[in-house]
Trainee: 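Here it is, the structure, as structure tokens.
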Amino acid sequence: MNGEEIKRQIADRIRKANSILAITHARSDGDGLGCLAALQTLANQAGKTVQLLLPDSLPERYAFLFPADRPACGADFARLVASSDLIVIVDTCTFNQLDGLESVLRANRDKIVVIDHHTTTDDISLVQWSDPTAAAAGIMMTELLETLGYLSGGTQAEHIRISPSVLRQGAHALAVAITSDTGWLRFSNTDVRCLAVMGRLVGLGVQMDKLYAQLFQCDRPQRLKLLARAIDSMELHCAGRLAVMEIRKADFAATGARPDETESIINEPLRIATVDAVILLVEQDDSIRVSLRSRETLDVAAIARQFGGGGHARAAGVRVKDEIGVAKGRLIEAIEKSL
Ligand SMILES: [Mn+2]
């Protein structure tokens, strides 16, 4: 079956369902969460009950997507499944990203449909729409909701009327999904299909300035102070190709920033033309959390594995028990050998 046929099959299953349970992967991101929010908002207006579930917890920065009710987290999974006609899994197709849910999912295989754009796929259901050419699951979700008529104000045949404000809210959530996975339409996956979908969402009322502010201009001053200290700590090695930053417990104490506010600080040194790899060391009570990034050449997952960690070629991480200065020296040495 081709993608178009599977998409129609999923649309059909959604049409026939009265109660839907939508799930995205653990350590959820803007793509998965934006898809869940859009599906819930729009299918609700079409008269369906849509419950949402995350394997772990909701990142605070995406709480704005769920102004009424936050998704359930982990607990109560079996009960939610029992009360749903259909389970929609979004932005993953592997059991190991659905922490703790595998056995219940296996027992309810016939109820499941999957919408995903990753290359690794487990056999979760008979109805799996996987399209690695889609830049974001949000693109597939937009196309699915269009097939259902939910993004055109509803379908006459089903007597569905979706109000303009709900349409705008759904489109906004889908735009969060797509701009998250494309790095605000900057990454190489930003293709014609992606921009065409974004164009249609803007046509439905998405305001790019509001979206940008919500995603990237909602920091607390404490985080900016922490960023300043991290940048101040930056050292350059390997003829400017490697940037190393550290954040110590004293930096959190001095700025009042929270541990979760280190997110994306690691990307800042990539503003420098020569920098190809970045190490960020964050001191914690009993260990050092190390994050690694690279622009195009260095496989940082391989570096992380040398220290017992893992990740992707461009983004990886590891926890080490060394004192921060020792950890830094060992990592710089490992990267020097590879660069
Ligand atoms: Mn995604």
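All ligand and atom numbering here is 1-based and tracks the order in the structure.
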Trainee: With a cut-off of 3.5 Å and sequence neighbours excluded, list every side-chain donor-acceptor pair involving residues 30-38.
Mentor:
{"unit_1": "Asp31", "atom_1": "OD1", "unit_2": "Ala137", "atom_2": "N", "d": "3.3"}
{"unit_1": "Asp31", "atom_1": "OD1", "unit_2": "Gly138", "atom_2": "N", "d": "2.9"}
{"unit_1": "Asp31", "atom_1": "OD2", "unit_2": "His117", "atom_2": "NE2", "d": "3.3"}
{"unit_1": "Asp31", "atom_1": "OD2", "unit_2": "Ala137", "atom_2": "N", "d": "2.9"}

Trainee: Got a sec, which residues hit salt bridge (charged side-chain N to carboxylate O under 4.0 Å, His left out) with Asp299, two or more places apart in sequence or on another chain?
Mentor: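 If we apply the salt bridge (charged side-chain N to carboxylate O under 4.0 Å, His left out) test to Asp299, skipping adjacent residues, there are no hits.
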
Trainee: Taking both backbone and side chain into account, is any N, O or S atom of Asp181 nearer than 2.8 Å to the Mn ion (ligand 1)?
Mentor: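 So Asp181 does bind the Mn ion (ligand 1) by this criterion.
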
Trainee: Among the N, O or S atoms of Asp31, which one sits nearest to the Mn ion (ligand 1)?
Mentor: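 Within Asp31, restricted to N, O or S, the Mn ion (ligand 1) is closest to atom OD2.
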
Trainee: The Mn ion (ligand 1) and Asp29: any N/O/S contact shorter than 2.8 Å?
Mentor: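 So Asp29 does not bind the Mn ion (ligand 1) by this criterion.
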
Trainee: Would you say His118 has an N, O or S atom lying under 2.8 Å from the Mn ion (ligand 1)?
Mentor: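 No, outside the cut-off.
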
Trainee: Looking at Asp99 and Arg27, does any basic side-chain N land under 4.0 Å from a carboxylate oxygen?
Mentor: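 Yes, this pair counts.
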
Trainee: Which atom, among the N/O/S set of Asp91, is closest to the Mn ion (ligand 1)?
Mentor: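 Closest to the Mn ion (ligand 1) among those atoms: OD1.
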
Trainee: For Ala63, is there any backbone N or O sitting under 3.5 Å from a side-chain donor or acceptor partner on Arg70?
Mentor: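 Side chain of Arg70 to backbone of Ala63: no pair is present.
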
Trainee: I'd like to know if Asp232 pairs up with Arg229 as an ion pair, taking the criterion as any Lys NZ or Arg NE/NH1/NH2 lying under 4.0 Å from an Asp or Glu carboxylate oxygen.
Mentor: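 Arg229 and Asp232: not salt-bridged.
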
